Amino acid sequence: MRYHIQEGHFDLPDDGRIDRSMNVLAMPDGSGITFIVSRDALRAHETLAQFVERQMNDLKRQVSQLQETSRNPIGVGPAMRSLAAIEIATRFRQNGQALHQRQAAFQLPDGRAVLILTASSPEPFGESELALWQRTLASFQPRD
């Protein structure tokens with residue numbers, strides 16, 4: 001399998017591996033929103049909603065004081081309707097610091113792979129941060 005990353009690609013065994021890699025894009029000084037792109041796969045016969053529920057249950061066991069403030073179906077991509085997604089807003093404390101997150105989990109066209117985009121900030125999301133989040137979701141284009 002040809003495995004692509006931002007810097008290039010590798011030829012890896014095509015033996016059923018699941019891509020669970022993660023990319024973290026942060027400001028050098030740690031300020032502002034950090035974007036995290038992570039990958040996973042649906043289990044056999046699992047829907048995207050079931051995947052999100054399973055992931056949130058796992059997160060609740062790992063993170064103290066997790067508060068889910070919203071969960072809504074959305075679209076991702078041009079005109080926000082190319083791919084069905086589920087958006088989750090949460091807040092919690094990690095290592096004594098408050099974190100506010102927006103996440104969008106969406107199933108890729110292959111039917112099994114799930115991409116999760118997370119925007120994380122120590123500050124609550126204001127209008128400009130929410131607008132950036134929406135622009136980022138609208139800009140997604142799956143690789144051919």
Side-chain angles (χ1 to χ4, degrees), residues 1-27 30 32-95 97-144:
M1 133 174 81
R2 179 145 293 163
Y3 183 78
H4 293 266
I5 59 173
Q6 181 67 24
E7 297 82 2
H9 62 265
F10 301 97
D11 287 329
L12 296 172
D14 193 8
D15 55 2
R17 295 170 195 260
I18 297 170
D19 184 353
R20 290 202 172 115
S21 61
M22 184 180 294
N23 302 96
V24 179
L25 301 126
M27 297 300 290
I33 293 177
T34 296
F35 287 96
I36 303 149
V37 180
S38 55
R39 297 152 187 89
D40 209 329
L42 298 175
R43 292 179 176 168
H45 310 291
E46 185 176 48
T47 66
L48 184 61
Q50 290 167 330
F51 170 86
V52 168
E53 185 64 28
R54 178 170 54 86
Q55 294 297 320
M56 290 304 296
N57 287 337
D58 287 348
L59 190 59
K60 287 174 186 173
R61 285 190 289 276
Q62 298 168 14
V63 176
S64 67
Q65 301 174 0
L66 177 73
Q67 296 177 337
E68 183 177 323
T69 58
S70 69
R71 183 185 304 191
N72 299 299
I74 62 167
V76 174
M80 296 298 282
R81 59 180 174 256
S82 294
L83 294 170
I86 298 174
E87 179 185 48
I88 307 106
T90 58
R91 63 178 172 246
F92 57 93
R93 297 191 73 74
Q94 187 173 37
N95 299 325
Q97 180 178 346
L99 284 174
H100 302 266
Q101 289 188 336
R102 294 278 173 160
Q103 294 183 296
F106 44 102
Q107 195 171 343
L108 295 175
D110 78 355
R112 186 164 178 234
V114 177
L115 195 66
I116 302 105
L117 177 64
T118 302
S120 183
S121 173
E123 301 296 326
F125 285 63
E127 284 184 35
S128 63
E129 292 83 10
L130 290 173
L132 173 61
W133 172 245
Q134 292 299 318
R135 283 192 312 273
T136 303
L137 291 174
S139 72
F140 180 74
Q141 293 285 328
R143 186 181 296 254
D144 293 330

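In this text the structure is predicted, and so the values were computed from the model without any measurement. Each residue takes its place number in the sequence, starting with 1.
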Whether Trp133 and Phe35 hold their rings parallel, tilted or perpendicular, with breakpoints at 30° and 60°
parallel
Which heavy atom of Gln107 sits nearest to which heavy atom of Leu83, and what is that distance?
O-CD2, 3.9 Å
Do Met22 and Ile116 have side chains that get closer than 4.5 Å, going by heavy atoms?
no
Quick check: closest heavy atoms across Pro122 and Gly32, and the distance to 0.1 Å?
CD-O, 4.2 Å
Do Thr69 and His100 come close enough that some side-chain heavy atom pair is under 4.5 Å?
no
Is there a salt bridge (Lys or Arg N to Asp or Glu O under 4.0 Å) between Arg17 and Asp15 once you walk through the steps?
CA-CA 6 Å; Arg17 295 170 195 260; Asp15 55 2; 2.9 Å; yes
Just so I know, are the side chains of Glu53 and Arg71 near enough to count as touching, which here means a heavy-atom distance under 4.5 Å?
yes
Atom CD1 in Ile74, atom CG in Leu137: separation rounded to 0.5 Å?
5.0 Å
Evaluation steps, side-chain contact (heavy atoms from CB on, under 4.5 Å), between Arg112 and Ile18
CA-CA 10 Å; Arg112 186 164 178 234; Ile18 297 170; 3.6 Å; yes
If you look only at distance, which donor and acceptor atoms sit under 3.5 Å apart when one is on a side chain in residues 42-51 and the other is two or more places apart or in another chain?
residue, atom, partner, partner atom, Å
Glu46, OE1, Arg43, N, 2.8
Glu46, OE1, Arg54, NH2, 3.0
Glu46, OE2, Arg54, NE, 2.8
Glu46, OE2, Arg54, NH2, 3.4
Thr47, OG1, Gln50, N, 3.1
Thr47, OG1, Gln50, OE1, 3.3
Gln50, OE1, Thr47, N, 2.8

Atom pair OG1 (Thr118) and CD (Gln103), whose distance is rounded to the nearest 0.5 Å:
3.5 Å
Sequence neighbours left out, what passes salt bridge (charged side-chain N to carboxylate O under 4.0 Å, His left out) with Asp11? Give chain and number order.
Arg2
Work out which heavy atom in Gly126 is nearest to a heavy atom in Glu129; give both atom names and the distance.
N-OE1, 2.8 Å
With heavy-atom distances below 4.5 Å as the criterion, would you say the side chains of Ile86 and Ile88 are in contact?
yes
Quick check: closest heavy atoms across Gln101 and Ser120, and the distance to 0.1 Å?
NE2-OG, 3.5 Å
Apply side chain to side chain donor-acceptor pair (under 3.5 Å) to Asp110 and list each qualifying residue two or more places apart in sequence or on a separate chain.
none
With heavy-atom distances below 4.5 Å as the criterion, would you say the side chains of Arg102 and Ile33 are in contact?
no
Output the distance between atom CG (Asp40) and atom CZ (Arg20), rounded to the nearest 0.5 Å.
4.5 Å
For the CG atom of Leu66 and the CZ atom of Arg61, what is their distance to the nearest 0.5 Å?
12.0 Å
Can you give me the closest heavy-atom contact between Val63 and Arg93, atom names plus distance?
CG1-O, 4.0 Å
Is there side-chain contact between Tyr3 and Asp19, with heavy atoms separated by less than 4.5 Å?
yes
Any side-chain heavy-atom pair of Met56 and Thr90 under 4.5 Å:
yes
Taking every heavy atom of Phe125 against every heavy atom of Ala119, the minimum-distance pair comes out as CZ-O, 3.4 Å
Please report the interatomic distance CZ(Phe140) to CG(Leu117), rounded to the nearest 0.5 Å.
9.5 Å
